[in-house]
Amino acid sequence: MNIEIREIENDDSQIKSVQDFLYEQIKIEYGIGPMPEFHYDIEGLKEYYVLPERNGFFAAYDGERIVATAGIRAYDKDYEFFKGQYTEDNTASIWRIMVDKDYRRMGLARSLVENLEEFAKKAGYDQIYLNTHRYLEAALPFWSSLGYVVTIEEDDYDETNHMIKII
């Protein structure tokens with residue numbers, strides 16, 4: 001197996017392949033199809049990740065097959081508890097970390113995050129924000145092992161944990 005991580009370019013067929021992979025993984029993991037209110041960034045992958053200079057999207061390839069993905073973009077949420085603390089100028093946010101089940105436990109997610117962190121440093125961000133969910137069993141241990149710290153633990157329906165890492 002020869003895995004290569006590449007940044008997605010402004011190429012419609014490449015973007016379509018990433019979208020197809022993400023929707024397939026979402027169907028497998030969550031049992032749902034495309035939902036515009038939750039997957040707007042997948043539909044707009046080019047506008048959210050590829051075209052903006054300080055944003056990026058990466059895929060891990062086994063040959064020509066996408067086996068994992070990860071995106072990074074300027075922080076664009078409006079959580080009241082973070083008003084003024086995280087901005088699009090100082091904070092990047094991680095999105096769409098997905099690894100095909102046959103490729104898990106091989107370090108792909110860790111490698112992708114390392115690529116995202118290097119990208120964020122070069123883009124001039126000071127920190128990286130993400131949120132994850134407590135029902136995802138491996139998520140908190142994984143992110144904690146990479147130096148991300150829980151800032152707020154919500155008791156919402158999604159069991160959301162907000163995390164940050166200074167880079």
Side-chain angles (χ1 to χ4, degrees), residues 1-52 54-77 91-120 123 125 128-148 150 156-165:
M1 179 173 19
N2 186 22
I3 305 294
E4 180 185 3
I5 296 175
R6 296 183 235 156
E7 186 173 0
I8 299 305
E9 298 173 3
N10 187 8
D11 174 277
D12 289 341
S13 65
Q14 199 177 41
I15 290 168
K16 174 82 167 87
S17 294
V18 169
Q19 291 168 323
D20 290 346
F21 172 81
L22 287 167
Y23 284 133
E24 177 185 345
Q25 294 305 306
I26 289 167
K27 180 73 171 168
I28 291 167
E29 290 300 316
Y30 304 105
I32 60 173
M35 298 177 72
E37 65 270 29
F38 298 120
H39 306 135
Y40 56 89
D41 65 308
I42 298 173
E43 281 304 308
L45 197 89
K46 184 186 291 191
E47 292 75 22
Y48 276 91
Y49 300 102
V50 176
L51 294 179
R54 295 180 74 207
N55 297 0
F57 204 91
F58 295 82
Y61 290 84
D62 184 359
E64 290 305 309
R65 179 178 173 215
I66 296 174
V67 297
T69 60
I72 191 157
R73 68 182 202 233
Y75 180 84
D76 62 358
K77 291 296 181 185
T91 307
S93 56
I94 291 178
W95 290 78
R96 305 299 176 196
I97 298 269
M98 296 288 219
V99 179
D100 182 291
K101 66 178 172 53
D102 294 334
Y103 289 81
R104 292 183 184 160
R105 314 280 317 149
M106 297 179 175
L108 285 178
R110 186 173 296 273
S111 294
L112 281 163
V113 171
E114 288 170 0
N115 275 271
L116 297 180
E117 290 176 351
E118 190 59 36
F119 181 93
Y125 294 109
I128 300 176
Y129 162 87
L130 64 92
N131 66 52
T132 189
H133 311 285
R134 291 185 295 284
Y135 63 80
L136 299 172
E137 200 172 298
L140 282 175
F142 171 74
W143 290 111
S144 295
S145 77
L146 293 172
Y148 289 80
V150 174
D156 60 350
Y157 73 96
D158 240 359
E159 301 178 339
T160 305
N161 277 3
H162 301 270
M163 303 183 84
I164 198 77
K165 180 177 181 179

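Side-chain atoms are counted along with the backbone in the values below, which use heavy atoms only and exclude waters and symmetry mates. What you are looking at is a predicted structure, and each value in this text was computed from that prediction instead of being measured.
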Tabulate below the donor-acceptor pairs under 3.5 Å that side-chain atoms of residues 137-145 make, not counting sequence neighbours, or state none.
residue : atom : partner : partner atom : Å
S144    : OG   : L140    : O            : 2.9
S145    : OG   : R110    : NH2          : 2.9
S145    : OG   : F142    : O            : 2.6

**Report entry** Closest non-hydrogen atom pair between L146 and K165, with its separation
**Finding:** O-NZ, 2.7 Å
Requested in this report: Mind listing the closest non-hydrogen atom pair of D11 and S13 along with its distance?
Outcome: OD1-OG, 2.7 Å
**Report entry** Test log, rule side chain to side chain contact (heavy atoms under 4.5 Å, CB included), inputs E24 and D20
**Finding:** CA-CA 6 Å; E24 177 185 345; D20 290 346; over 6 Å; no
Requested in this report: Verify side-chain hydrogen bond (donor to acceptor under 3.5 Å, both in side chains) between E43 and Y23, making sure each step is shown before the conclusion.
Outcome: CA-CA 10 Å; E43 281 304 308; Y23 284 133; 2.7 Å; yes
Report summary line: Heavy atoms of Q19 and L45 approach each other most closely as NE2-CB, 4.2 Å
Query - F57 vs Y48, ring pair (Phe, Tyr, Trp, His ring centres under 6.0 Å): CA-CA, chis, key distance, verdict - result: CA-CA 9 Å; F57 204 91; Y48 276 91; over 10 Å; no
Output a table of donor-acceptor pairs, distance under 3.5 Å, between side-chain atoms of residues 93-101 and any protein atom two or more places apart or on a different chain; print 'none' if there are none.
residue : atom : partner : partner atom : Å
S93     : OG   : R73     : O            : 3.2
S93     : OG   : W95     : NE1          : 3.0
R96     : NE   : D41     : OD1          : 3.3
R96     : NE   : D41     : OD2          : 3.1
R96     : NH2  : F38     : O            : 2.7
R96     : NH2  : D41     : OD1          : 2.7
D100    : OD1  : D102    : N            : 2.8
D100    : OD2  : R65     : NH2          : 2.9

Report summary line: For I5 and A60 the tightest heavy-atom approach is CG1-CB, 4.1 Å
Requested in this report: Assert yes or no for the condition that the ring centre distance of Y75 to Y125 is strictly below 6.0 Å.
Outcome: no
Query raised in the report: Between L112 and T69, is a side chain to side chain contact (heavy atoms under 4.5 Å, CB included) present by the stated rule, with each step listed?
Result: CA-CA 7 Å; L112 281 163; T69 60; 5.7 Å; no
Query raised in the report: Does the pair T160 and H162 meet the rule for a side chain to side chain contact (heavy atoms under 4.5 Å, CB included), with working shown?
Result: CA-CA 6 Å; T160 305; H162 301 270; 3.6 Å; yes
Requested in this report: Indicate the atoms forming the closest heavy-atom contact of E117 with I128, along with that distance.
Outcome: CG-CD1, 3.7 Å
Requested in this report: With side chain to side chain contact (heavy atoms under 4.5 Å, CB included) as the test, would you mind laying out the steps for D158 and Y135 before giving the verdict?
Outcome: CA-CA 8 Å; D158 240 359; Y135 63 80; 3.6 Å; yes
Report summary line: Interatomic distance, OH@Y129 vs CD1@I164, rounded to 0.5 Å, equals 8.5 Å
